[in-house]
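Contents: one structure, followed by commentary.
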Amino acid sequence: MLKRVLLATAISGALASPSYAISSQALSQLGDGIDLTYAVLDNQQNEWRTFKGQITLQNTSSVALPASGWSIYFSHIRMMQPLANNDLTVSHVNGDIFKIEPTENFKALEAGKTLTIEFESEFWQIAKTDIMPNWYLVSDSGETALIESTSNSIDGEVPTKPGEELPFVSDFDNELKWKRYGGSITDFYDPFTAANRYAKNSDLNKLENVKGVIPTPASIVLGDGDVAIDPSWVVVFDNGYQHQAEFIAKQFGLTAVPWTPNQSKVIRVGWGQVNIDGKPKWEEAYSLTVSPSAEKINIDAVDQAGALYAAQSLLQLTEGNIIPEVNISDAPRFAYRGLSIDAARNFRTKDSILELIDQMSAVKLNKLHLRLSDDEAWRIEIPALPELATVGSQRCHDLSETACVLPFLGAGPDGTAESNGYYTQADYKEILEAANALNIEVIPEVDMPGHAHAAIKAMEARYERLAAEGDMTAANEYLLSDPDDTTEYLSVQMFTDNAMNVCMDSTYNFVDTVVSSLIQLHQDIQPLKTFHFGGDEIAGAWTDSPICQSFLANNSAGITTVDELSQYFVERISAITANHNLNLGGWEDGLMHNNVVYPRGELANTKVSGNAWQNIWEWGVADRAFNLANNGYGVVYNQATHFYFDHPYEPDPEERGYYWAPRFTDTRKSFGFMPDDLYANADFTRAGAPITKEEVLNAASVKTLERPENVLGLQGSVWTETIRTEAQFEGMTFPRAIALAERAWHTASWEAHDANGKLVDDAARAADYNTFANLVAKKVMPNLEANGIAFNLPVPGGIIDGGVLKANSAFPGLMIEYSVDNGQSWEIYNAAQAPSVSNALIRTVSGERSSRVSIVK
């Protein structure tokens with residue numbers, strides 16, 4: 001047993017209340033019968049520093065909650081302050097896990113009685129999904145019982161609409177609850193009203209005969225004719241293009257055969273030179289010609305990826321079996337067009353990822369950055385280290401964390417289908433095969449040295465197992481933590497033990513073994529090119545580690561201070577991955593310390609890239625992307641203000657997601673991103689105050705991009721702290737990922753360009769978005785619906801004008817319904833036959849799904 005585990009156990013025992021035996025039956029009755037409610041009372045009581053909340057326990061069971069012998073465990077994303085109540089204490093366990101316990105002053109909560117607990121906590125909570133579900137009781141004997149009133153299920157089913165799955169959370173019904181700042185700072189955000197949305201959508205209109213392709217081709221010319229595909233057509237292919245030809249043939253129910261001359265009614269797929277603006281393109285480029293008079297469709301592609309993208313454009317143009325006459329010449333803006341998916345916080349199953357890959361390919365995204373580990377879980381099977389899967393991928397109430405990690409993020413005492421799980425080797429290979437067939441490179445991320453709680457605990461469990469067997473050499477081989485480390489630190493997510501010890505050789509044994517296993521998984525399907533080591537959010541670790549103190553006193557690398565250890569770690573990871581002929585990826589803060597970029601020449605990999613993410617305009621950190629690029633690193637714009645798809649679509653307490661970067665990110669905002677003039681994207685502070693490009697430039701240490709060739713592309717990220725179900729994941733990803741694809745592939749004429757001083761053309765941007773939104777509603781969303789993808793349905797806008805209901809949508813053409821009987825019945829809204837009403841409810845509908853309801857008055 002590791003010393004710190006023994007110490008924690010001893011302290012816990014010393015501080016425990018006098019034991020009161022609670023029977024299993026009574027514990028279960030209390031779990032079923034305690035009606036727990038959680039309410040935010042005031043976010044503005046102390047400007048932004050603390051908020052006031054209230055937890056209410058109503059005992060509707062037939063037994064008393066006794067004076068001692070129990071505790072309530074729960075997830076809370078903000079650090080709670082000591083309770084003023086002398087009857088109860090609240091304490092931080094680790095990460096987002098807290099517990100409430102009775103003191104010797106507590107009196108039993110008898111059946112039928114109610115207990116109110118007022119508390120204060122750091123910062124603010126302004127959305128329902130800030131509060132995690134599945135609180136649970138624990139008896140002093142270690143038995144657990146879920147408090148059913150906090151369960152995220154209703155009648156055994158997990159709902160998919162925002163706000164419905166947290167029935168124990170009180171409404172955020174006034175500005176003290178939905179605004180996060182008060183006093184000297186003004187929070188400008190209020191929930192949108194129907195009239196607000198109507199005004200936002202007022203420059204959009206439905207285009208009846210809209211035709212086109214998303215993402216927009218470099219050149220597209222539509223003719224007046226069309227061709228009808230019937231069984232007499234055949235798909236023919238040149239050498240090397242059989243797979244893409246078979247892909248097309250499958251979509252149309254045709255046959256694919258090798259090319260022969262002088263055929264009509266053919267879709268030909270073959271090699272051909274592609275020129276854009278008189279310049280040849282050599283990667284992922286294609287031309288597509290649909291010729292009704294010749295009864296031919298011709299695809300010329302510079303490579304197999306280009307042929308696949310021509311096929312995707314062809315499918316988007318097809319309505320039924322009719323394809324319009326068209327000439328397209330096309331090539332991507334950026335070689336890197338990615339999505340990063342957090343499979344660690346809540347698990348994204350193999351089937352979920354396979355569905356995502358299909359939809360990514362449809363809009364020509366080509367990089368799947370798969371985050372396989374974090375504090376809360378490890379998600380990939382590594383045969384040499386079985387505890388990573390058996391322990392690190394599971395959550396449950398095990399304070400020793402030898403059978404599982406703690407039930408972070410509201411997983412409850414036994415974990416959930418969303419919190420638990422991992423990719424077997426076979427699962428991962430299936431993902432690779434699907435991605436490879438659709439020109440999508442899988443980039444695995446194992447975050448280190450921080451965000452590593454699950455890995456650390458899994459390797460401690462391995463240590464315990466082998467130590468018990470008497471094999472201490474093997475036990476120590478992959479240990480990631482110094483058992484005598486007394487460093488006190490707190491990560492951003494409130495972990496006290498989530499940083500691998502970078503002074504231990506066993507840490508690097510671990511990294512090499514994991515990297516080697518990933519290489520082996522990839523090798524026969526899609527050879528691994530890049531390993532992403534994460535590297536983000538390290539917080540004060542290693543200071544009081546005896547192993548690190550010994551290393552600092554005696555090493556050959558010239559490392560003398562704890563402050564230098566992060567760079568030392570990155571250099572060691574670089575050497576390991578370079579030895580395997582891999583490129584290296586990391587988050588921006590993994591490649592710098594105190595905003596100073598590590599010397600590129602000290603990293604051994606041929607290519608090293610950073611995801612530039614933290615661009616909160618008023619913080620003065622928006623220059624990190626330029627800093628990395630100017631210092632020789634490849635840079636992926638992964639900007640949190642525009643491309644973090646875990647953020648809400650609207651500034652509404654009922655919307656899902658965290659909001660630490662912008663208050664909200666809708667599809668239109670992502671669509672409007674301008675990669676060629678990064679600071680021109682500045683719009684609002686986190687509080688909603690306008691901020692200009694000039695203000696951001698003045699605060700930036702690095703004001704210009706000197707090496708634009710180092711900008712590799714764009715990436716969106718879907719972090720899953722608040723995203724549990726598959727429907728939630730799909731709704732947060734789509735349609736925003738489609739806007740990301742548009743900007744990563746196509747350079748719009750309205751964009752600002754820093755190099756020549758061109759300013760953004762706002763009118764042209766609005767017109768372009770109108771076309772985009774119409775195409776998404778007409779072509780993309782029906783395809784998503786048909787494939788069971790629960791894309792987000794925007795809440796419509798509406799006003800009563802002269803007694804007549806007027807309604808609109810951010811995606812013209814989406815069906816809107818209205819109700820005049822408080823939702824008992826619904827009618828389809830038709831602007832040409834708008835009803836006369838004094839008030840109404842409105843919602844957007846697709847298939848069996850509907851948006852949140854909005855009130856029009």
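Computed over heavy atoms, backbone and side chain alike; hydrogens, waters and symmetry mates excluded.
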Euclidean distance, Ile440 CD1 relative to Ile357 CD1, rounded to 0.5 Å: 5.5 Å

Under the salt bridge (Lys or Arg N to Asp or Glu O under 4.0 Å) test, residues paired with Glu709 that sit two or more places apart: Arg707

Validation row, ring centre His369 to ring centre Trp587 under 6.0 Å: yes

is_close_aromatic(Phe192, Tyr198), centroid dist under 6.0 Å: no

Ion pair Arg268/Asp300, N-O distance below 4.0 Å: yes

Donor-acceptor contact below 3.5 Å, side chain Asn830 vs main chain Ala832: yes

Geometric cation-pi criterion Arg743 and Phe671, 6.0 Å radius, 45° cone: yes

Residues forming a salt bridge (Lys or Arg N to Asp or Glu O under 4.0 Å) with Lys364, sequence neighbours excluded: none

Under-4.0 Å salt bridge between Arg663 and Asp187: no

Salt-bridge criterion met for Arg656 and Asp646 (N-O under 4.0 Å): no

Side-chain (Lys758) to main-chain (Glu751) donor-acceptor, under 3.5 angstrom: yes

Phe643/Phe673 aromatic ring centres below 6.0 Å: yes

Salt bridge flag under 4.0 Å for residues Asp652 and Arg852: yes

All ring-ring contact (aromatic ring centres under 6.0 Å, His included) counterparts of Phe626, not counting sequence neighbours: Tyr679

Proximity of Trp745 and Tyr309 rings by center, below 6.0 Å: yes

Sequence neighbours excluded, every pair satisfying side chain to side chain donor-acceptor pair (under 3.5 Å) that has a member inside residues 208-229: Thr216-Glu742

Donor-acceptor pairs under 3.5 Å, side chain of residues 765-780 to any protein atom, not counting sequence neighbours: which ones?
from   : atom 1 : to     : atom 2 : distance (Å)
Arg765 : NH1    : Gly672 : O      : 3.0
Arg765 : NH2    : Asp762 : OD1    : 3.0
Asp768 : OD2    : Trp750 : NE1    : 2.7
Tyr769 : OH     : Ala810 : O      : 3.4
Asn770 : OD1    : Asn205 : N      : 2.9
Asn770 : OD1    : Asn774 : ND2    : 3.4
Asn770 : ND2    : Asn205 : O      : 3.4
Asn770 : ND2    : Asn205 : OD1    : 3.2
Thr771 : OG1    : Ala767 : O      : 3.4
Asn774 : OD1    : Leu207 : N      : 2.8
Asn774 : ND2    : Asn205 : O      : 3.0
Asn774 : ND2    : Asn770 : O      : 2.7
Lys778 : NZ     : Val210 : O      : 3.2
Lys779 : NZ     : Gln316 : O      : 2.7
Lys779 : NZ     : Thr318 : O      : 3.1

For Lys206, all residues meeting salt bridge (Lys or Arg N to Asp or Glu O under 4.0 Å), sequence neighbours excluded: none

